[in-house]
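These notes concern the structure reproduced below.
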Protein chains: 2
Amino acid sequence: MGSTRDNIIEATRGLLELQGYYATGLNQIIEQSGAPRGSLYHYFPEGKEELTAEAVRWAGLAILDRIRQSLAEVEDPAEAVRAFVLQLALHVNASSCRGGAPITAVALETSGSSDRLNRACRDAYHSWQGAVRDKLASGGYESERASRLATHVIATIEGAVVLARTDRDVEALERVAEELAGYLRWAKSDNKGREGRDG
Amino acid sequence: MGSTRDNIIEATRGLLELQGYYATGLNQIIEQSGAPRGSLYHYFPEGKEELTAEAVRWAGLAILDRIRQSLAEVEDPAEAVRAFVLQLALHVNASSCRGGAPITAVALETSGSSDRLNRACRDAYHSWQGAVRDKLASGGYESERASRLATHVIATIEGAVVLARTDRDVEALERVAEELAGYLRWAKSDNKGREGRDG
DNA sequence: GTCTATACGGTGATAGAC
DNA sequence: GTCTATCACCGTATAGAC
């Protein structure tokens with residue numbers, strides 16, 4: 001088990017995933033982490049915003065690891081993405097469809113009010129897109145195309161988690177797993193990305 | 001201009017889009033709407049949750065209209081979706097990348113805590129998917145396939161708005177506009193949606 | 001229908017003992 | 001480093017006059 005500081009961050013990360021920023025109170029974080037109340041401002045002198053930024057960074061790195069590891073397990077990029085999304089669907093299902101997008105709520109709640117949190121969320125999303133881009137590039141997709149597809153993949157997954165949580169059903173995730181796999185397979189053979197009108 | 005009740009709902013809708021549920025206070029709603037303070041609990045006796053549910057419903061219907069209208073303007077479904085996403089990108093840009101997903105934050109914040117708000121969000125998402133599905137179906141896509149693609153389209157758009165707001169840049173939306181158009185065009189010719197292993 | 005005043009709980013944050 | 005007590009504030013919600 002980790003240090004008190006790590007426990008606080010981990011508890012915060014979990015609550016942000018389930019509830020977002022404003023619904024998550026410091027009291028709740030204390031309670032859930034089991035950390036001493038006085039420790040919070042000892043480790044995070046700037047308070048809730050600093051703690052949240054750290055939790056978002058933490059969550060971003062954890063997901064980045066999951067993405068990289070999952071994608072590395074399957075050679076073909078299209079199949080690898082499908083496998084990752086299905087694995088994510090299991091995770092969402094395991095949380096009774098209440099989790100799965102650890103920073104999306106924070107990103108939307110604070111994009112207009114906190115530069116610090118906005119930056120933290122942006123860094124996470126960029127790192128995820130980078131991991132997907134690298135997988136696609138190393139799998140034979142042209143570099144620029146891989147980058148655009150990576151944005152598409154991450155956006156679709158984010159949105160599918162939102163739908164799954166709202167529906168309390170992972171079907172949306174299962175659908176996009178298949179659609180993304182089919183799309184990436186096609187995009188590899190036709191890597192122009194824009195059609196000729198005479199097609 | 002509308003009634004006092006409508007003004008309150010409209011102000012709430014706008015604030016939810018920018019900030020989400022918990023960050024939006026009743027005081028702010030009063031101030032922004034210009035409505036008399038006493039009117040709020042007159043029109044919404046059950047308080048903030050009832051008002052929010054109404055605002056979500058309102059937002060859902062407004063977006064549904066925008067989707068239907070936009071899709072109806074272009075005959076080809078793939079091009080129609082592209083045009084809608086680009087139009088949405090303009091809207092997001094016009095809000096300095098601070099708006100564009102009017103109910104996503106609410107959906108994530110309250111999916112685990114309020115059945116009422118959860119239902120309202122779910123209804124909205126379903127109606128949007130239905131509009132896309134109908135457009136695809138009437139454009140020649142097989143019915144079951146149209147439904148799955150519609151989920152994919154809505155998920156991707158939702159996620160792209162999240163990325164755009166976090167990046168404070170609509171590039172993600174512009175990217176998925178092209179990718180979705182390319183994908184839908186391909187999906188129409190190959191309408192199986194799952195590959196045979198025998199290729 | 002509208003307005004004012006207020007109750008009451010919970011929030012983030014702080015001070016100072018240990 | 002940890003803990004307790006407490007702060008000032010803001011949230012939603014309510015009561016009652018007009």
Enumerate all atom pairs, one protein N or O and one N or O from nucleotides 13-17 of chain C, separated by less than 3.5 Å.
residue	atom	partner	partner atom	Å
C:dA13	OP2	A:Y41	OH	2.6
C:dA13	OP2	A:K48	N	3.1
C:dA13	O5'	A:Y41	OH	3.1

Whole-Å distance separating the CD1 atom of A:I30 from the P atom of D:dT4
12 Å
Holding to side-chain hydrogen bond (donor to acceptor under 3.5 Å, both in side chains), I want the full list of residues that pass it with A:Y183, two or more places apart in sequence or in another chain.
B:E179
It should be established whether B:S39 places a side-chain nitrogen or oxygen under 4.0 Å from OP1 or OP2 of nucleotide C:dT2.
yes
For DNA chain C, determine which residues of residues 11-25 of chain A have any heavy atom closer than 4.0 angstrom to one of its atoms, and list them numerically.
A:T24, A:G25
Quickly work out the B:I8 CD1 to C:dT2 P distance and round it to whole Å.
8 Å
Answer yes if the side chains of B:R37 and B:N27 hold a donor-acceptor pair under 3.5 Å, and no otherwise.
yes
Could you state the atom-to-atom distance from CD of A:E31 to P of C:dG12 in whole Å?
13 Å
Spacing of B:F44 atom CZ relative to C:dT2 atom C1', expressed in whole Å:
15 Å
Where at least one partner belongs to residues 38-51 of chain A, residue pairs that pass salt bridge (charged side-chain N to carboxylate O under 4.0 Å, His left out), sequence neighbours excluded
A:E46-A:R116
Fellow cluster residues of B:V74, listed by chain then number, with links counted only when side-chain atoms sit under 4.5 Å apart:
none
Other members of the hydrophobic cluster containing B:F44, with the 4.5 Å side-chain heavy-atom rule, please.
B:I8, B:I9, B:L15, B:L26, B:I29, B:I30, B:L40, B:Y41, B:Y43, B:L51, B:W58
Below 3.5 Å, can you tabulate the donor-acceptor pairs from side chains in residues 88-96 of chain A to any protein atom, sequence neighbours excluded?
residue	atom	partner	partner atom	Å
A:S95	OG	A:V92	O	2.8
A:S95	OG	A:R98	N	3.3
A:S95	OG	A:G99	N	3.0

Linking Ile, Leu, Val, Met, Phe, Trp and Tyr through side-chain heavy atoms less than 4.5 Å apart, which residues share a cluster with B:L18?
none
Which residues share a salt bridge (Lys or Arg N to Asp or Glu O under 4.0 Å) with B:E174, sequence neighbours left out:
none
Can you measure B:L40 atom CG to C:dT2 atom C1' for me and round it to whole angstrom units?
12 Å
